[in-house]
Amino acid sequence: EIDLSHNALIDEAVPGLAEGLGSCQNLKSVSFRGNKLADGRELITAFVNLPILTHVDIEYNYIRDETLPTISAWLKIRTAVEKVDLRDNRFSAEGVRGFVRSMKGK
């Protein structure tokens with residue numbers, strides 16, 4: 001488990017975080033709750049290489065609609081993921097509708 005909650009992490013920190021996560025093959029749970037992340041695409045892409053990751057918490061950030069297709073693609077690859085907490089980000093209603101449609105395969 002890695003908990004990096006409430007550290008004021010910003011997007012510029014993500015490349016280093018993504019690289020570091022790549023060596024954590026036994027990682028089951030990550031939390032980036034309460035940071036200042038806006039573009040989660042690179043971070044989510046790093047999750048693809050974590051085969052037993054089942055819990056991700058990225059709530060209370062500033063993540064926008066642009067990240068939702070990446071999350072959808074990751075969840076389609078890693079079907080054993082049990083929980084992804086996305087509460088209190090900056091998603092629009094249209095972005096969420098598109099995400100739901102994508103998850104339903106439409």
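No more than 12 heavy atoms of other residues, nucleotides or ligands sit less than 6.0 Å from atom NZ of K28.
Under the 4.5 Å side-chain heavy-atom criterion for ILVMFWY residues, a single connected hydrophobic cluster contains both M103 and V48. The cluster map of Ile, Leu, Val, Met, Phe, Trp and Tyr, joined by side-chain heavy atoms under 4.5 Å apart, puts L68 and Y60 in different clusters. V56 and L21 fall within the same hydrophobic cluster, defined by Ile, Leu, Val, Met, Phe, Trp and Tyr side-chain heavy atoms under 4.5 Å apart, directly or through other members. Note on I44 and Y62: separate hydrophobic clusters, where clusters join Ile, Leu, Val, Met, Phe, Trp and Tyr whose side-chain heavy atoms are under 4.5 Å apart, directly or indirectly.
In this structure, the separation between SG on C24 and CG on N49 is 11.5 Å, given to the nearest 0.5 Å. L75 contributes atom CG, which lies 9.5 Å from atom OG1 of T79 (distance to the nearest 0.5 angstrom). Residue E82 holds its CD atom at 4.5 Å from NE2 of H55, rounded to the nearest 0.5 Å. Between the CG atom in L43 and the CH2 atom in W74 there is a gap of 9.5 Å [rounded to 0.5 Å]. Rounding to the nearest 0.5 angstrom, the gap separating the CG atom in L4 from the CD1 atom in I58 is 13.0 Å. Atom OG1 in T54 sits 12.0 Å away from atom CZ in R78 (nearest 0.5 Å).
Contact check for D39 versus I63: no side-chain heavy atoms found under the 4.5 Å cut-off. A heavy-atom distance below 4.5 Å is found between the side chains of F47 and V30.
Looking at S29 and K83, their side chains never bring a donor and an acceptor atom within 3.5 Å of each other.
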Apply side chain to side chain contact (heavy atoms under 4.5 Å, CB included) to R41 and E66, showing your working. CA-CA 8 Å; R41 290 176 289 189; E66 295 82 10; 4.0 Å; yes
Tell me, with the steps shown, if D57 and F32 meet side chain to side chain contact (heavy atoms under 4.5 Å, CB included). CA-CA 6 Å; D57 182 351; F32 292 96; over 6 Å; no
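Across L9 and A13, no two heavy atoms sit closer than the pair CD2-CB, 4.3 Å.
Under the side chain to side chain contact (heavy atoms under 4.5 Å, CB included) test applied with N61, the options N89, D88, I10 reduce to a single match, N89.
Salt-bridge check for E94 with R64: failed, with every basic side-chain N at 4.0 Å or more from each acidic carboxylate O.
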